[in-house]
Amino acid sequence: MLSKEKTLEVVNIMAEMFPEAECELTHRNPFELVIAVALSAQATDVSVNKVTPALFEKYPTPEAFVQAPLEDIMNMIKTIGLYRNKAKNIKACCQMLIEDFGGEVPQTREELVKLPGVGRKTANVVLGDAFNVPAIAVDTHVERVSKRLRIVKQKATVLEVEEALMKKIPKDMWVKTHHRMIFFGRYHCIARQPKCETCPVFDYCQEGKSRLLKQK
DNA sequence: AACTCGGGGCA
DNA sequence: TGCCCAGAGTT
């Protein structure tokens with residue numbers, strides 16, 4: 001496995017690659033962030049950003065979503081896939097926000113994951129981006145990059161990835177690290193065709209080396 | 001741990 | 001055409 005020191009070096013190199021790396025999901029407040037990130041499950045950030053502006057303009061608050069016709073929400077998010085469950089989750093989520101949390105987005109992980117459609121990953125994004133609470137959200141990019149670099153073993157679970165990153169990276173860097181790894185995974189260490197030939201962290205990457213050997 | 005949801009993007 | 005996408009919920 002990649003050592004703590006080298007993991008930190010790798011993250012710093014990623015920071016140089018994407019100095020502006022931040023959440024690409026459009027959001028103006030914690031509430032919109034919760035909904036937008038929940039909608040992004042198994043969908044691209046690009047496709048989510050296409051539907052959220054109109055959605056939040058029409059339904060800006062939990063109260064508005066609760067009163068909205070389910071059919072209309074479904075129709076407005078139809079292009080992102082999994083839209084039936086997601087539309088129902090939005091309404092149920094908003095209902096719970098009103099009934100159990102006074103209409104405000106809760107600021108602990110235990111409370112956040114109670115919200116329908118909000119799992120550990122979404123909760124961690126909200127904690128980090130909306131409330132500045134240190135957390136590492138492990139999505140497909142973070143998981144893939146961590147495994148290719150052997151920061152964790154190949155068969156590690158999502159939770160094990162999160163724990164390993166928390167152990168190897170200083171707490172005050174958690175949120176930024178998460179964004180940098182996502183950018184790195186999205187634009188460089190791409191799932192199907194990683195750009196190993198031009199990769200700044202190639203020297204640290206076990207999978208990159210074996211992949212290049214295989215090509216010959 | 002494995003399975004399902006799902007339309008759109010891209011090769 | 002086939003594979004995958006800033007996951008969550010259920011079994």
Side-chain angles (χ1 to χ4, degrees), chain A residues 11 14 17-18 20-28 30-56 70-97 106 109-131 135-148 152-162 165 174-195:
Chain A
V11 169
M14 290 180 192
M17 294 177 71
F18 304 99
E20 78 294 354
E22 280 182 25
C23 186
E24 287 200 275
L25 291 168
T26 54
H27 61 280
R28 297 187 289 272
F31 171 64
E32 291 186 358
L33 186 62
V34 170
I35 303 299
V37 178
L39 286 179
S40 71
Q42 291 301 103
T44 61
D45 53 337
V46 177
S47 67
V48 172
N49 283 334
K50 280 183 189 169
V51 304
T52 46
L55 191 67
F56 292 138
L70 180 61
E71 299 281 331
D72 189 49
I73 300 176
M74 276 174 41
N75 206 17
M76 292 185 76
I77 66 174
K78 190 172 289 182
T79 55
I80 67 176
L82 305 179
Y83 57 93
R84 294 185 193 85
N85 287 335
K86 288 177 178 177
K88 289 177 189 170
N89 282 339
I90 288 177
K91 280 182 75 84
C93 176
C94 288
Q95 181 113 26
M96 185 177 287
L97 282 175
R109 176 159 42 233
E110 301 80 59
E111 292 175 312
L112 282 166
V113 295
K114 289 180 184 172
L115 298 169
V118 177
R120 190 181 182 87
K121 183 260 174 180
T122 300
N124 281 354
V125 171
V126 172
L127 286 175
D129 287 345
F131 300 127
I136 295 181
V138 179
D139 65 356
T140 55
H141 294 311
V142 174
E143 181 178 357
R144 180 180 66 256
V145 171
S146 297
K147 288 182 177 179
R148 281 182 174 166
V152 297
K153 61 183 178 184
Q154 202 62 30
K155 303 181 92 174
T157 64
V158 173
L159 197 58
E160 286 171 336
V161 175
E162 183 180 330
L165 289 173
W174 286 357
V175 176
K176 284 184 180 178
T177 296
H178 146 73
H179 283 129
R180 284 159 183 170
M181 289 186 78
I182 285 180
F183 267 63
F184 179 69
R186 169 120 171 68
Y187 297 112
H188 196 93
C189 195
I190 301 163
R192 284 184 266 190
Q193 206 172 351
K195 303 178 180 178

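Just the heavy atoms: all of them, side chains too, but no hydrogens, waters or symmetry mates, feed the values below.
When all heavy atoms are compared, the tightest approach of Cys93(A) to Val34(A) is SG-CG1, 4.4 Å.
Along DNA chain B, the nucleotide nearest Ile80(A) and the nucleotide nearest Lys155(A) are compared for position; the residue whose nucleotide lies closer to the 5' end is Lys155(A). Each of Asn89(A) and Ile182(A) was matched to the nucleotide of DNA chain C holding its nearest heavy atom; the match closer to the 5' end belongs to Ile182(A). The 5' end of DNA chain C is approached more closely, in terms of each residue's nearest nucleotide, by Asp45(A) than by the other of Pro116(A) and Asp45(A).
Taking the C1' atom of each, dA6(C) and dA2(B) are spaced 22 Å apart, rounded to whole Å. Across dT11(C) and dG6(B), the matching P atoms stand 16 Å from one another, rounded to whole Å. Going from the P atom of dT1(C) to that of dC5(B) covers 22 Å, rounded to whole Å.
Thr79(A) comes within contact range of the sugar-phosphate backbone alone, with a heavy-atom separation under 4.0 Å but no base atom that close. Within 4.0 Å of Lys78(A), counting heavy atoms only, lie sugar-phosphate atoms of the nucleic acid but no base atom. At the heavy-atom level, Val118(A) lies under 4.0 Å from the strands shown only through sugar-phosphate atoms. Within the nucleic acid shown, Gly81(A) comes within 4.0 Å of at least one base atom, counting heavy atoms only.
Checked options Asn89(A), Asp45(A), Leu55(A), Asn49(A); the residue passing with Leu39(A) is Leu55(A) (criterion: side chain to side chain contact (heavy atoms under 4.5 Å, CB included)). Checked options Met17(A), Met14(A), His178(A), Glu20(A); the residue passing with Phe183(A) is Glu20(A) (criterion: side chain to side chain contact (heavy atoms under 4.5 Å, CB included)).
Computed from coordinates, the Arg84(A) CZ to dT4(B) P distance equals 16 Å when rounded to whole Å. Between the NZ atom of Lys86(A) and the P atom of dG6(B) there is a distance of 9 Å, rounded to whole Å.
Considering only heavy atoms from C-beta on, Met181(A) stays 4.5 Å or farther from Ile136(A) through its side chain. Between Val142(A) and Glu162(A), the closest side-chain pair of non-hydrogen atoms is not below 4.5 Å. Contact check for Asp129(A) versus Pro30(A): no side-chain heavy atoms found under the 4.5 Å cut-off. Counting heavy atoms from C-beta outward, Leu70(A) and Lys91(A) have side chains that approach closer than 4.5 Å.
Close approach of DNA chain C to chain A, defined as any atom under 4.0 Å from a non-hydrogen atom of the protein, starts and stops at dC3(C) to dG9(C).
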Polar atom pairs between nucleotides 9-11 of chain B and protein, under 3.5 Å, N or O only, would you list them?
residue	atom	partner	partner atom	Å
dG9(B)	OP1	Lys50(A)	NZ	3.4

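Other residues, nucleotides and ligands place more than 12 heavy atoms under 6.0 Å from the CD atom of Gln154(A).
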> Which is it for Glu143(A) and Lys147(A) under the salt bridge (Lys or Arg N to Asp or Glu O under 4.0 Å) test, yes or no, and what are the steps along the way?
Replying inline: CA-CA 6 Å; Glu143(A) 181 178 357; Lys147(A) 288 182 177 179; 3.0 Å; yes

